[in-house]
Amino acid sequence: MKKYLFFSYLVSFLLLGCRNDVVDLDEELDNPLDATQIECGLPALAFSPDRYDVAVGGTFITDIYLMDSTESEQWYGGVKAVVNYNPEKLELIHINNGDLADGSAPLFFADDTTVGRIEIISIFVSIDSSGINSSNNILLAELEFLSLAAGADTLLFERTENDSCMIASTSCELVDPNDQLIPIRGYGDGVVNAQ
Amino acid sequence: MKSIQINIIFILMSAPISLWGQKPDNSIAVLDFKPVGIERKQAEKITERLRIQLNKTGAVQQMNRKWIYDVLRREGIKKIKCITPECTADLGNTLDVNYVVTGELIKEGDSTFTIDINMVHVQSRITKKSKRITVEGDLGDIVVELELLAWNMMWLKPPEILLAKQRLGRHDPDVVAMLKPRTREDALKRAMWFPGMGSIYRGNIVPGCAFMGLELTFMGLAINSQMKFTDLKPDREDNLEKYRAATVADSIKKYVDILDRIDADMKNENKNLLTYTVSAVGIWALSMAHAYYAKQKKDEFAYFRPVRFTYDPFTKQASINWYFL
């Protein structure tokens, strides 16, 4: 009888063992610049990468992107991105211009005079007053931070939400070449974990 | 069937040994016995039993039937009508063997048979052994006589079981006790080790081989699926890394498409793997059930048939007879 039991276990073992665990692809597709990951729609402002695991006293660099659909025919003239962070945990070291305000006389401003708040203004300048298409994600700015204390913090685009996708108010702005406001639908904040 | 099975196992087991071991010096070719009053197919099967028993003696290298008739056909010999030792020796020369055995199986009556057998030494062209035995009984009894004759022809002492079969009869309880019974439990044990082994053990060669074949096929397919799955894994990891590093929307979309395709392939292979594994386990279970529940297929000449349909070639009459042990 023991032999039969042993065989039953063997068969069960075979049945259970001959399978591979495949992690669901949707769970692994976590690129913050992937348009399908933006829940509230496009255009959107997003941090990439959106997760940082740093050691206290260490620095890290994060990028801010303007995202739009690959089929979008919308042209943009400028962006204002306002980022909030906890100054007790992070310190801004450096801001670099991205690809939007490109050229010989770029119009790129970064104001970090208010503690825990960065205001970035980037304007596309062209001779014919045309704008820039964002169907392939445009880098607005590159930010370098220093981690000051352990714990989690969020790099947050300044806004007030009614619920997850309804924006009540925001300091961030997106304009077309004629300076007309274009609503920003999505925001991809960044999460910092300092240890 | 039992003997055929034993022979298969014997060949498989002795294969590595025979690679290094010494072969017997003398070779022998047994030509199909001429049937008189019995079916040609039956005569062929009975002759085959003699060949198998000659193999068991280990004294001669027995050339198999297919090889013998292939050579003869190639040499343009279609019908063998040899009566004299000289003619038989010529056939032996053609086959390049040391001995040739010819014989006749004659049905004298309902349960009387005569075996006429001659063994010719090819080089000397003389008959080394000549026997004419009358057997009272059925074809199974002829097989016993022939099996004994095989040892006798090689000037060797037959195994005790054969002597007992001749002395006491095949169905004698002592003889039956000497033969290890092929029980359902033993068959089940064999089927547990590998599908089909239990069925073959019980004499069901065809289902046994089918189980083995199916099991090997499903195992092969499962291994193939697993290999494909394993091959796709690094590809997935690589593209996932590229996807995470990509910032351009077109590139991100391209990598998502690639990943979707790889993921679908992996899921498909995983599904196949499960299907094949379950099938293999199913075959295993079926084989065990077959080994345990299927009726044992006995040697067609070795078991007793109480009711027999017979034909008497002399009176040219067909009849149904009842026999009692």
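Letters A, B, ... mirror the listed sequences (proteins, then strands); counts begin at 1. Computed from a predicted structure; not experimentally measured. Quick note: numbers below take in every heavy atom, side chains included, and nothing from hydrogens, waters or symmetry partners.
A/Leu33 and A/Asn137 get closest at one heavy-atom pair: O-ND2, 3.4 Å.
Residues from residues 37-52 of chain A that place a non-hydrogen atom less than 4.5 Å from a non-hydrogen atom of chain B comprise A/Gln37, given in numerical order. Residues of residues 53-88 of chain A that come closer than 4.5 Å to chain B, counting heavy atoms only, are A/Tyr65, A/Thr70, ordered by residue number.
Residue with the most contacts toward chain A among B/Ala246, B/Ala222, B/Ala280: B/Ala246 (heavy-atom pairs, distance under 4.5 Å).
Side-chain atoms of B/Trp284 and B/Glu215 include no donor-acceptor pair closer than 3.5 Å.
One finds the CG atom of A/Leu155 at 8.0 Å from the CG atom of A/Leu143 (value rounded to the nearest 0.5 Å). The distance from the CD1 atom of A/Ile120 to the CG atom of A/Asn97 is 10.0 Å, given to the nearest 0.5 Å.
For B/Leu259, the parts sitting under 4.5 Å from any heavy atom of chain A are the backbone and the side chain alike. For B/Tyr243, the parts lying near chain A are the backbone and the side chain together; criterion is any non-hydrogen pair under 4.5 Å.
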task = Test A/His94 against A/Asn96 for side chain to side chain contact (heavy atoms under 4.5 Å, CB included), laying out the working first.
result = CA-CA 7 Å; A/His94 201 74; A/Asn96 281 337; 2.9 Å; yes
ask   = What's the verdict on salt bridge (Lys or Arg N to Asp or Glu O under 4.0 Å) for A/Glu28 and B/Arg236, showing C-alpha distance, side-chain angles and the deciding distance?
value = CA-CA 11 Å; A/Glu28 292 200 286; B/Arg236 187 184 199 260; 2.4 Å; yes
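Between B/Asp238 and B/Lys242 there is a salt bridge, since a side-chain N of the basic residue sits under 4.0 Å from a carboxylate O of the acidic one. Contact check on B/Lys267 versus B/Asp263 returns a salt bridge, with a Lys/Arg side-chain nitrogen under 4.0 Å from an Asp/Glu carboxylate oxygen. Between B/Arg51 and B/Glu48, at least one side-chain N (NZ, or NE/NH1/NH2) sits under 4.0 Å from a carboxylate O, which counts as a salt bridge. With salt bridges taken as basic N to acidic carboxylate O contacts below 4.0 Å, none links A/Arg117 and A/Asp112. The existence of a salt bridge linking A/Asp189 and A/Arg159 is confirmed by a sub-4.0 Å separation between a basic side-chain nitrogen and an acidic carboxylate oxygen.
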